[in-house]
Protein chains: 2
Amino acid sequence: MIAEKKKAILESTLKLIKENGFHGTPMSMVAKKAGVAAGTIYHYFDSKDTLIMELFVYTQYRVQEAMLKNLREDMDLKESFFMRWISRCQFYIQNPDMLFFMEQFVNSPYYPRCPQEHNERVQNEIKQFIEVAQQQGILRELDFKLMAIMIHSSIMTAAKVHLDGKVLLGDKEFNQLAQMVWDSIREL
Amino acid sequence: MIAEKKKAILESTLKLIKENGFHGTPMSMVAKKAGVAAGTIYHYFDSKDTLIMELFVYTQYRVQEAMLKNLREDMDLKESFFMRWISRCQFYIQNPDMLFFMEQFVNSPYYPRCPQEHNERVQNEIKQFIEVAQQQGILRELDFKLMAIMIHSSIMTAAKVHLDGKVLLGDKEFNQLAQMVWDSIREL
DNA sequence: CGCCACTGAATGAACGTTCAATAGAGAGAG
DNA sequence: CTCTCTCTATTGAACGTTCATTCAGTGGCG
């Protein structure tokens with residue numbers, strides 16, 4: 001269990017980073033929003049950098065959890081793909097802070113400094129899915145990393161467009177989009 | 001024509017932001033790298049924010065220029081699409097600083113503050129392409145903004161993966177990827 | 001002489017981090 | 001039940017640093 005204050009600090013940082021970016025989000029502001037003293041943050045995190053790194057791990061965990069919750073054993077590969085795609089997209093739409101944090105993080109100098117071991121554990125889930133589908137001749141023979149990241153970017157992009165309010169996505173559009181991505185990776 | 005020092009400041013900022021992020025890139029460092037005094041930056045730009053905003057406009061201009069240079073009147077829509085996709089992807093691979101700057105910028109709080117008028121001018125080019133192709137029944141009927149941003153994200157993603165060195169992209173892979181994206185947007 | 005690009009030390013504000021002090025929770029003894 | 005000792009959680013003022021920005025001054029050109 002994550003201590004209540006620790007969680008408050010994580011959630012507050014997430015919100016503030018979305019609004020103000022990494023710079024523009026001083027520790028004093030995080031403290032104020034989380035309802036704790038500045039010093040308290042340093043009880044839970046070594047430094048601002050550590051806080052941000054942990055935020056990344058925390059967010060990845062939450063996304064994975066949301067996605068797996070919706071999967072059922074009896075789904076075929078295509079159904080499973082649609083469910084994964086839509087679950088993740090909806091998760092980010094419901095948690096815009098996490099979406100913007102993630103996008104900022106992976107393009108920042110923090111990301112390369114992130115322990116590879118953690119990333120690999122997360123990637124493994126999708127890797128297995130892709131490899132099984134390739135063996136069955138359902139998906140194109142393409143480097144799984146390339147495929148995984150193309151899927152990922154389509155999810156993030158769709159969620160961002162929706163949150164911008166420029167294009168409203170309903171069930172129909174989610175399925176349309178998942179279908180588009182599916183068409184791009186499946187063996188024709 | 002952009003003054004030589006102004007250009008040096010823009011290019012230096014680009015490089016430093018890639019390595020250190022927006023935070024982590026003090027004006028003094030920009031000045032040093034550009035070979036000018038700190039005060040000189042303020043001769044050309046009102047503030048750090050202005051500098052970053054102009055960097056965005058500058059980068060978009062350079063990308064557009066690189067892409068249009070490769071287009072020929074006699075290409076059909078599919079050829080034109082492939083050329084656009086590959087040109088942009090290669091441009092970012094040859095200019096990683098711009099890739100990382102762009103990705104950081106659009107996910108930062110700067111982006112929403114960017115003059116909409118400028119963005120629309122850039123989007124217009126791709127908008128016209130998509131609308132023509134839709135009228136001819138070649139592309140799916142889908143909101144052009146959604147389609148445009150899906151294409152954009154696939155380009156950025158492919159370039160990033162290549163630059164990471166995780167997956168090496170040659171001519172064959174570029175065409176494979178452009179084909180995948182094409183399959184996702186075309187009327188089947 | 002006036003104008004302009006340019007300089008870089010100086011300035012003041014903002015920031016991340018520290019730490020001495022305090023509060024509180026729990027354990028053990030009487 | 002209460003007093004005391006201990007350890008942890010928490011506080012926020014204070015510190016030293018870093019940063020964006022300023023400006024008085026320099027050099028060169030027309």
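Below, read A as the first sequence line, B as the second, and so on, with proteins coming before strands; counting in each chain starts at 1. Below, each value reflects all heavy atoms present in this structure, side chains not excepted, and no hydrogens, waters or symmetry copies.
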Out of curiosity, [X] [atom1] to [Y] [atom2], how far, rounded to the nearest 0.5 Å?
X: A:K6; Y: A:L51; atom1: NZ; atom2: CG; answer: 9.5 Å
X: B:T25; Y: B:L14; atom1: OG1; atom2: CG; answer: 10.5 Å
X: B:I155; Y: B:W85; atom1: CD1; atom2: CH2; answer: 6.5 Å
X: B:I126; Y: B:I151; atom1: CD1; atom2: CD1; answer: 4.5 Å
X: A:T13; Y: A:I52; atom1: OG1; atom2: CD1; answer: 8.0 Å
X: A:I93; Y: A:R88; atom1: CD1; atom2: CZ; answer: 13.5 Å

Requested in this report: Just say parallel, tilted or perpendicular for the rings of B:F105 and B:F56, cut-offs at 30° and 60°.
Outcome: parallel
Report summary line: Residues pairing under side chain to side chain donor-acceptor pair (under 3.5 Å) where one sits in residues 124-145 of chain B, two or more places apart or in two chains, turn out to be A:D183-B:R140, B:R84-B:E125
Requested in this report: Any side chain to side chain donor-acceptor pair (under 3.5 Å) involving residues 159-168 of chain B? Give me the pairs, sequence neighbours left out, ordered by first then second residue.
Outcome: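 The answer is A:N107-B:K160, B:E103-B:K160, B:D164-B:K166.
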Query raised in the report: What does the inter-axis angle of the helix from C:dC1-D:dG30 to C:dG30-D:dC1 come out as, five pairs per end, nearest 10 degrees?
Result: 10°
Distances for protein N/O vs nucleotides 24-30 of chain D N/O pairs under 3.5 angstrom?
none

Atom-pair distance ([atom1] on [X]; [atom2] on [N]), nearest Å:
X: A:L51; N: C:dC15; atom1: CG; atom2: P; value: 16 Å
X: A:K32; N: C:dC15; atom1: NZ; atom2: C1'; value: 16 Å
X: A:I41; N: D:dG12; atom1: CD1; atom2: P; value: 12 Å
X: A:H23; N: C:dA13; atom1: NE2; atom2: C1'; value: 17 Å
X: A:H43; N: D:dT10; atom1: NE2; atom2: C1'; value: 8 Å

Requested in this report: Check whether any side-chain nitrogen or oxygen of B:K5 sits under 4.0 Å from OP1 or OP2 of C:dT7, and answer yes or no.
Outcome: yes
Query raised in the report: Aromatic ring centroids of B:Y110 and B:F22 under 6.0 Å?
Result: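 Yes.
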Query raised in the report: If you look at every strand shown and take non-hydrogen atoms under 4.0 Å, does A:F45 touch a base, only sugar-phosphate, or nothing?
Result: nothing
Query raised in the report: Which parts of nucleotides 16-22 of chain C does protein reach within less than 4.0 Å, heavy atoms only, written one letter per nucleotide 5' to 3' as B for base, S for sugar-phosphate only and - for none?
Result: SBB----
Query - Salt-bridge criterion met for B:R62 and B:E11 (N-O under 4.0 Å) - result: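 Answer for the salt bridge query: yes.
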Query raised in the report: Between B:R121 and B:E117, is the closest basic N to carboxylate O distance under 4.0 Å?
Result: yes
Query raised in the report: Should we count CD of B:E65 as having more than 12 external heavy atoms under 6.0 Å?
Result: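 Enclosed.
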Query raised in the report: Out of D:dT10, C:dC6, D:dT11, which has the shortest distance to the side chain of A:Y44?
Result: D:dT10
Query raised in the report: For DNA chain D, which residues in residues 105-113 of chain B have a heavy atom at a distance below 4.0 Å?
Result: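 By residue number: none to list.
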